[in-house]
Student: 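Below is the structure I would like to discuss, written out as structure tokens.
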Amino acid sequence: MFAAERRQLILEMVRANGAVSLRELARVVQTSEVTVRRDVRALEAEGLLDRRHGGAVLPGGFTRESGFPQKSHLATAEKTAIADLAAGLVEEGEAIVVGAGTTTQELARRLARVPGLTVVTNSLLVAQALAHANRVEVVMTGGTLRGSNYALVGSGAEQSLQGLRVSRAFLSGSGLTAERGLSTSNMLSASVDRALVQAAAEVVVLADHTKLGTDTMFQTVPTDLITRLVTDEPPAHDDRAVTELQALADQGVQIAVAGQAGGGTGGDAVPTGRQPRRDMPLPGPRRGQVPGAGPQLRSATVLGEQSPGERARVADLRRR
């Protein structure tokens, strides 16, 4: 495929989906991520799209939010790996809240196998994934339906969460930075997510590598309230994503990486020499966090110390 043909196809994919990862672009146009990155730079120079860490978005993507059909086809392998790892944090008989999003929907599908679980959610998709789970109780918030992501928002949703207390909240968003934490492009969604955070003793953020370093309009969870981040391994040469992971770790966020090399999902390892340092700090108890509560995953390893056969294992999910 000639460069002009590649770039036209890349542009069509971005226009159709709103945002596409470099990994996905490289797969579709059947070339390397290095070549795709060069094509994306050329298209950005022409003002046809904007680069983001690990991907490309339509111009003005800072405020634009893709709808569910577009989001559901982005980074699908990464979301699956993240959901598999995050599900290991949930214990039998727990009460949790799960926010709206395509990654949290994947998590919900795996939670259907956890007996005695109570899940509070404002997401119709999460509730649907758990609807036929025999031993899982689903509690939905009130509120007004936001059709673009099938979530309940507004004052009704927020008021229904008052007085609620659960062990942890699982949330995703449009972007994640060490400076501002988790953010989203919609004000109503951000407000409900903040109410979900207030109901939980700890907060677990699910975000694939394309969201690392991306900042959107409305902050939902400041960095100092994020207990854990579950993410996937950034592609090779994505130095900025690795730097963002290190910055988050420096602020006390525990990082769990759903590895792909050796993990059966394909993908690249964290670039040698650019891994976060090995002494990632564990955070102290956050506001409202119950010390010693919750599960501890076995065979946990600190990010940056994985052997090739351990890429799919946890990076420092030990509780204090």
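Computed from a predicted structure; not experimentally measured. This chain uses plain numbering: 1 for the first residue, then up along the sequence.
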Student: Does any non-hydrogen side-chain atom of M140 lie less than 4.5 Å from one of V138?
Tutor: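 The answer is yes, as the side chains (C-beta and beyond) meet within the 4.5 Å cut-off.
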Student: Mind checking side-chain contact (heavy atoms from CB on, under 4.5 Å) for Q8 and listing every partner two or more places apart, or none if nothing turns up?
Tutor: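 Per chain and number, Q8 pairs via side-chain contact (heavy atoms from CB on, under 4.5 Å) with E12.
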Student: Would you kindly say whether T210 and D208 are connected by a side-chain donor-acceptor distance under 3.5 Å?
Tutor: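 Per modelled atom types, T210 and D208 side chains form a pair under 3.5 Å.
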Student: For T121 and V98, indicate whether the former's side chain and the latter's backbone hold a donor-acceptor pair under 3.5 Å.
Tutor: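 Between the backbone of V98 and the side chain of T121 there is a qualifying donor-acceptor contact (under 3.5 Å).
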Student: Hey, are the side chains of D215 and S183 touching, using non-hydrogen atoms and a 4.5 Å cut-off?
Tutor: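 Yes - at least one pair of side-chain heavy atoms lies under 4.5 Å apart.
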Student: Quiz question: by atom type and distance under 3.5 Å, do the side chains of S189 and R146 form a donor-acceptor pair?
Tutor: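 Yes, a side-chain donor-acceptor pair sits under 3.5 Å.
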Student: What I'd like to find out is whether the side chain of L182 reaches to under 4.5 Å of the side chain of L171, using heavy atoms alone.
Tutor: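 Result yes, sub-4.5 Å side-chain heavy-atom pair found.
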Student: When you check the side-chain N and O atoms of S191 and E158, is any donor under 3.5 Å from an acceptor?
Tutor: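 Distance-only check passes for S191 and E158.
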Student: Is any side-chain heavy atom of L229 less than 4.5 Å from a side-chain heavy atom of L212?
Tutor: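 Side-chain contact under 4.5 Å: yes.
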Student: Hey, could you give me the OH/CG distance between Y150 and L145, rounded to the nearest 0.5 Å?
Tutor: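 Here the rounded value is 9.0 Å.
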Student: Within the 4.5 Å heavy-atom criterion, are T214 and T177 side-chain neighbours or not?
Tutor: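 Not in contact.
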Student: Please enumerate all residues that pass side-chain contact (heavy atoms from CB on, under 4.5 Å) together with A178, with sequence neighbours excluded.
Tutor: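 Listed in chain order: E244, A247, L248, Q251.
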Student: Cut-off 3.5 Å, side chains only: do T102 and K79 have a donor facing an acceptor?
Tutor: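 The criterion, which ignores hydrogens and geometry beyond distance, is satisfied for K79 and T102.
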Student: Run the side-chain donor-acceptor check on residues 38-47: report pairs under 3.5 Å with partners two or more places apart or on a different chain.
Tutor:
from: D39; atom 1: OD1; to: R6; atom 2: NH2; distance (Å): 3.1
from: D39; atom 1: OD1; to: R7; atom 2: NE; distance (Å): 2.9
from: D39; atom 1: OD1; to: R7; atom 2: NH2; distance (Å): 3.3
from: D39; atom 1: OD2; to: R6; atom 2: NE; distance (Å): 2.7
from: D39; atom 1: OD2; to: R6; atom 2: NH2; distance (Å): 3.3
from: E44; atom 1: OE1; to: R51; atom 2: NE; distance (Å): 2.7
from: E44; atom 1: OE1; to: R51; atom 2: NH2; distance (Å): 3.4
from: E44; atom 1: OE2; to: R51; atom 2: N; distance (Å): 3.2

Student: Quick one, V139 and T118 - any side-chain contact, counting heavy atoms below 4.5 Å?
Tutor: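 Yes, their side chains come closer than 4.5 Å.
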Student: Do Q198 and Q162 touch side chain to side chain, with heavy atoms closer than 4.5 Å?
Tutor: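 Not touching, per the 4.5 Å side-chain cut-off.
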Student: So do L130 and L111 actually touch side chain to side chain, heavy atoms under 4.5 Å?
Tutor: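 Touching, per the 4.5 Å side-chain cut-off.
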Student: Any donor-acceptor pair under 3.5 Å linking the side chain of S160 with the backbone of T141?
Tutor: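 No: the side chain of S160 does not pair with the backbone of T141.
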Student: Between R110 and D84, does any side-chain N to carboxylate O distance fall below 4.0 Å?
Tutor: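 D84 and R110: salt-bridged.
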